[in-house]
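Right, one structure below, let's go through it.
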Number of protein chains: 2
Amino acid sequence: MTASTTKSGDHQPKERLLDAAEELFAAKGFTEVSVRELAAAADVNVAAVNYHFQGKENLFHEVITRRFCIQRDRTLDGLQALLDQTEGKPQVDQIIRVLVGEYLDGALSNSFLTMITREMHSGKGGTHVQFFKQMVAPTFAAISRALTAARPSLTPDDLSWIIASIIAQIHHFILRRIKCESCEDVPEAREIMLKAFPALALDQDEYVRLTTDHITRFSTAAIDGLYPEEN
Amino acid sequence: MTASTTKSGDHQPKERLLDAAEELFAAKGFTEVSVRELAAAADVNVAAVNYHFQGKENLFHEVITRRFCIQRDRTLDGLQALLDQTEGKPQVDQIIRVLVGEYLDGALSNSFLTMITREMHSGKGGTHVQFFKQMVAPTFAAISRALTAARPSLTPDDLSWIIASIIAQIHHFILRRIKCESCEDVPEAREIMLKAFPALALDQDEYVRLTTDHITRFSTAAIDGLYPEEN
DNA sequence: ACTAATATTAAACAAGTGTTTGAATTGTGT
DNA sequence: ACACAATTCAAACACTTGTTTAATATTAGT
């Protein structure tokens, strides 16, 4: 979506604002970022925010929507690719691995999950609806389809609980990582975190690898234990 | 008139402020609540916040610390009671059940978890350190001890991953519930949530019961599958 | 009952907020 | 070259923020 009217290597003010906004909103949250701060980071005038977008709120809205779609497509594409490779008969652990891998990697590179979780618990309902319609609904449906293909005996109710537990872990391990990074300059807190969870000391690639392995093995074992294969 | 100057039965201004602050901070977050709003809710003068506490920040600090300790003690006491009942040999599923039950019930009654997760991802490091020292460290140690008593073969590394997955689910199912409640007036979003997770339609007691059951069975099955008992 | 410490109040403070304005600048089509 | 629209800009706007002030009211000690 960035190729509308770009002419040279550098971005135009509108896109510079979008990029700066994404970074700042993710780092500090909506209310903690002032319009003047945004303008300074993007090297534009304060009035640019209200000229190109129609207010701070709308800018945030566009930022978050953009990330929503990118992340959703990663997950959907990954699941579709798995279904193609396995000719419609994927294994449970393969599904979970795709899910966890795509999400972990995408969410840790740009900290959009921080933005979502933060803004999720703030009064506005407008963002909620869009988030659920564009993100939750299609992703949940795709995961359900894939898991049903792997374990036809799973009821819709079973699926809702299983998927919730998997998503829970993905989110938690992402937020742990981000939290730990934000505590780099608070050694006292960081020390306690590392003691309770040593994997946080690893670099990001290694962390993604180990975490993907763990969630996959943990969740697959749970599903195998609770809903054993029938053959 | 009658309730404004009562000192015996009703609370004094300082405590009224603490109570109002806890509710408002949990509902809207630190920056979203103004000092005037706090004062109005507690029916005191604006200056009371700076007189009794030394600024808005300190008030928040006292509010959050109070809840931290209450919740931590619930978990520690519950685990200790289980160890006493089982003469130091608890079952894995018993441990998880205590953990999940105490946390779910406590966190859903007063939405302190919303407060924590929200403020966790905001710049300040001061709250972090206290949170980790008073909450994370002792709770993690207690869970580790209990699980080690149940499965002596678990390594510290195993424990860190297992506990993380359990805590992840607890937090997630709490936040789902709170998120859903906050969407009561946005039927479009609520409908999608219920479709992906029908249990959210239940009343709180039932939700706590079913969720406790699920997390316990899911996690116990995972542990049994990954780290089978040796006897 | 008088005093001194404590508590509460309305009003003002300085600083920051998002947004708007109207002039100046740039770009574009003819 | 000119004209016309789109964009950028410094300045100001109206408003809210957390905090402080100085005066008033309340309480407790002797």
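Protein chains get the first letters and strands the later ones, always in sequence-line order, with residue 1 at the start of each. Keep in mind that this is a model prediction, so the values were computed, not measured.
Taking atom CG on A/L59 and atom C1' on C/dT19, their separation rounds to 14 Å, with Å as the unit. Taking atom NZ on A/K28 and atom P on C/dG16, their separation rounds to 13 Å, with Å as the unit. Atom NZ of A/K14 and atom P of D/dT7 are 9 Å apart (whole Å). Straight-line distance from the CZ atom of A/F53 to the P atom of C/dT20: 16 Å, rounded to whole Å. Rounded to an integer number of Å, the gap from CD of A/E15 to C1' of D/dT7 is 15 Å. Taking atom CG of residue B/L24 and atom P of nucleotide D/dT17, one finds them 13 Å apart after rounding to whole Å.
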Can you pull every protein N or O that's under 3.5 Å from an N or O on nucleotides 18-24 of chain D?
unit_1 : atom_1 : unit_2 : atom_2 : d
D/dG18 : OP1    : B/V33  : O      : 3.4
D/dG18 : OP1    : B/K56  : NZ     : 2.6
D/dG18 : OP2    : B/V35  : N      : 2.8
D/dG18 : N7     : B/R36  : NH1    : 2.8
D/dG18 : O6     : B/R36  : NH2    : 2.7
D/dT19 : OP2    : B/N50  : OD1    : 3.4
D/dT19 : OP2    : B/K56  : N      : 2.8
D/dT19 : O5'    : B/N50  : OD1    : 3.3

Could you list the donor-acceptor pairs under 3.5 angstrom formed between side-chain atoms of residues 201-210 of chain B and any protein atom two or more places apart in sequence or on another chain?
unit_1 : atom_1 : unit_2 : atom_2 : d
B/D203 : OD2    : B/D205 : N      : 3.4
B/E206 : OE2    : B/R209 : NH2    : 3.1
B/Y207 : OH     : B/F173 : O      : 2.7

Using residues 45-56 of chain B as the side-chain source, report each donor-acceptor pair under 3.5 Å to any protein atom, sequence neighbours left out, with the distance given to one decimal.
unit_1 : atom_1 : unit_2 : atom_2 : d
B/N45  : OD1    : B/A47  : N      : 3.0
B/K56  : NZ     : B/F30  : O      : 2.9
B/K56  : NZ     : B/V33  : O      : 2.8

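With sequence neighbours excluded, the residues forming a side-chain contact (heavy atoms from CB on, under 4.5 Å) with A/R67 are A/E22, A/I70, A/N110, A/F112, listed by chain and number. With sequence neighbours excluded, no residue satisfies side-chain contact (heavy atoms from CB on, under 4.5 Å) with A/E23. With sequence neighbours excluded, the residues forming a side-chain contact (heavy atoms from CB on, under 4.5 Å) with B/A146 are B/L79, B/I95, listed by chain and number. Residues that satisfy the side-chain hydrogen bond (donor to acceptor under 3.5 Å, both in side chains) test with B/E191, not counting sequence neighbours, are absent from this structure.
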Legend entry - Bracket string, DNA chain D, 5' to 3' - pairs by Watson-Crick or G-U geometry under 3.5 Å, | interstrand: .||||||||||||||||||||||||||||.
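Applying the salt bridge (Lys or Arg N to Asp or Glu O under 4.0 Å) definition to pairs two or more places apart or across chains, those involving residues 34-55 of chain A are A/K28-A/E37.
Here B/H171 and A/H172 bring their ring centres to under 6.0 angstrom of each other.
The phosphate of D/dT8 (OP1 or OP2) has a side-chain N or O of A/H52 nearer than 4.0 angstrom.
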